[in-house]
2 protein chains.
Amino acid sequence: MNQYPHSTRLLVAIDCIIFGFDGDEIKLLVIKRNFEPERGKWSLMGGFVNQEEDLEVGAERILHELTGLNNIYVEQLLTFGKVNRDPVERTISVVFFALINIHSHDEESVRAHNAHWVSLKNMPQLIFDHEKMVQNALERLRYKAALHPIGFELLPETFTIPQLHKLYEAIYGMQLDRRNFSRKILSTGLLVDTGEKNENSATKKAILYRLDKEKYEDKFHSFWYFMPEPSA
Amino acid sequence: MNQYPHSTRLLVAIDCIIFGFDGDEIKLLVIKRNFEPERGKWSLMGGFVNQEEDLEVGAERILHELTGLNNIYVEQLLTFGKVNRDPVERTISVVFFALINIHSHDEESVRAHNAHWVSLKNMPQLIFDHEKMVQNALERLRYKAALHPIGFELLPETFTIPQLHKLYEAIYGMQLDRRNFSRKILSTGLLVDTGEKNENSATKKAILYRLDKEKYEDKFHSFWYFMPEPSA
DNA sequence: TCTTAATGTGTCGTTTGGACACAATATTAC
DNA sequence: GTAATATTGTGTCCAAACGACACATTAAGA
């Protein structure tokens with residue numbers, strides 16, 4: 001038995017949602033297509049799955065191709081497979097979403113791919129069902145950031161609490177009390193005072209923190225079960 | 001442009017995790033395969049995606065084929081696509097998970113497919129990566145049930161608080177204080193007293209409740225954001 | 001030196017949650 | 001028919017968490 005008979009093979013694509021944070025709002029990295037179909041229009045960065053390539057590997061390949069980055073936060077989101085989602089030919093798209101530090105990518109590579117950071121608030125029209133994908137990814141981001149210490153993936157190695165605060169306000173599109181937020185974040189024990197201060201500030205300089213990597217690994221999953229750890 | 005050139009088409013399958021609750025523990029509906037490959041072994045119910053069929057429709061078709069049920073709770077879980085996950089031929093599997101009332105399915109159909117309910121605690125070996133899928137689905141169930149009123153999908157139309165309590169203990173594999181649980185559930189306002197009592201009970205008969213459908217629809221998403229509703 | 005803007009820390013009252021007690025109901029044993 | 005038993009419904013208490021808000025500290029620029 002070397003093949004399954006009587007079954008249709010389909011084109012399988014990977015599309016990547018790439019979020020960044022510019023200090024003020026959440027941004028999305030999209031490309032202006034200089035290839036068919038839909039040349040000249042905006043879309044997510046994507047590609048096809050290679051015959052001998054795992055899905056996650058494919059996603060990392062595509063992300064690396066655009067940003068030059070490795071070892072970034074990537075998570076499979078959902079698979080979009082409506083029959084007519086791609087007018088050229090039926091294509092199943094496995095969507096991944098990635099969080100990166102907006103200042104860490106390879107500018108050259110991004111320029112070469114004709115990619116741009118766009119604001120979520122006045123996002124250009126995207127091709128196919130890509131806008132649905134983005135909407136879905138945003139919901140996932142909100143969901144996860146509320147339960148897991150995932151926001152740090154969007155910030156530099158060291159960061160201040162006011163930065164983190166602005167990030168969360170941007171994610172949820174709402175104001176959060178600065179003082180209560182600070183208390184809550186510090187109570188997690190995930191932040192380590194680096195002893196340095198943010199020199200960019202115009203007024204009082206904020207303390208620069210870094211993540212406690214070990215506690216981060218530990219807490220990442222224990223956040224999941226805000227019900228105490230299940231046994232099975 | 002009628003096709004994308006130079007790209008490999010892959011077989012796309014759908015596999016379904018089907019959970020039920022027998023009043024004591026969470027059960028999984030699996031089939032004993034009487035077809036190749038892996039004839040005689042246990043696996044999830046699945047099938048291939050048809051050329052002209054949306055993924056969700058395919059999942060519903062497969063679920064209906066096995067259980068005779070329509071309009072059940074189905075949610076896309078993840079897509080499994082490791083190169084060698086299926087030894088016959090590379091196959092991408094889009095996994096869905098469904099919650100059903102364990103007493104509502106078509107017994108005939110289940111027998112005809114050689115399907116059985118198995119306990120999660122002594123689950124038989126499953127083929128390919130199906131055990132990973134189940135593990136993943138269980139985590140999703142725990143995740144969602146903690147935030148959304150999703151457990152009801154596993155119970156009959158009317159149910160008692162002690163039933164619900166046992167269900168949650170089964171989901172999380174831990175004991176939950178009966179009284180605190182009751183208080184918490186009632187405080188959601190989702191339960192409506194039907195005025196009837198559970199006649200099956202050996203001792204004091206428990207109140208039968210039903211879901212407040214409207215509040216259920218409302219709350220289903222508002223549970224998401226335990227941070228107040230975001231604006232964007 | 002004063003003003004201003006941003007940052008760090010603290011207080012207070014309410015709400016929520018976990019631990020636990022007790023009363024009510026229905027079946028079974030005697 | 002009554003007592004014992006198991007199960008269910010409701011309540012109390014205390015500690016922890018949370019939201020709303022005040023005040024002190026720091027640094028740049030007028």
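A, B, ... follow the sequence lines: proteins, then strands. Residue 1 opens every chain.
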- The residue, Lys205(B) or Arg178(B), whose nearest nucleotide of DNA chain C is more 5′ is Arg178(B)

Once you round it to whole Å, what is the distance between [atom2] of [N] and [atom1] of [X]?
X         : N       : atom1 : atom2 : answer
Arg183(B) : dT8(D)  : CZ    : P     : 18 Å
Asp193(A) : dG8(C)  : CG    : C1'   : 12 Å
Asp177(B) : dA21(C) : CG    : P     : 11 Å
Phe159(B) : dT8(D)  : CZ    : C1'   : 16 Å
Leu186(A) : dG10(C) : CG    : P     : 11 Å
Lys184(A) : dA16(D) : NZ    : C1'   : 14 Å
Phe181(A) : dT7(C)  : CZ    : P     : 13 Å
Arg179(A) : dT7(C)  : CZ    : C1'   : 11 Å

- Task: Tell me whether the centres of the aromatic rings in Phe152(B) and Phe159(B) are closer together than 6.0 Å.
- Result: yes

- Item | His130(B)/Trp42(B) aromatic ring centres below 6.0 Å | no

- Do the ring planes of Tyr172(A) and Tyr168(A) sit parallel (below 30°), tilted (30 to 60°) or perpendicular (above 60°)? parallel

- Note on the structure: Comparing nearest nucleotides in DNA chain D, the 5'-proximal residue of the pair Ser182(B), Ser187(A) is Ser182(B)

- Message: Under a 3.5 Å distance rule, please check whether Asp54(A) uses its side chain to pair with a backbone N or O of Glu56(A) as donor and acceptor.
- Response: no

- Query: On a plain distance test, is the side chain of Lys204(A) in donor-acceptor contact with the base of dT7(C) below 3.5 Å?
  - Reply: yes

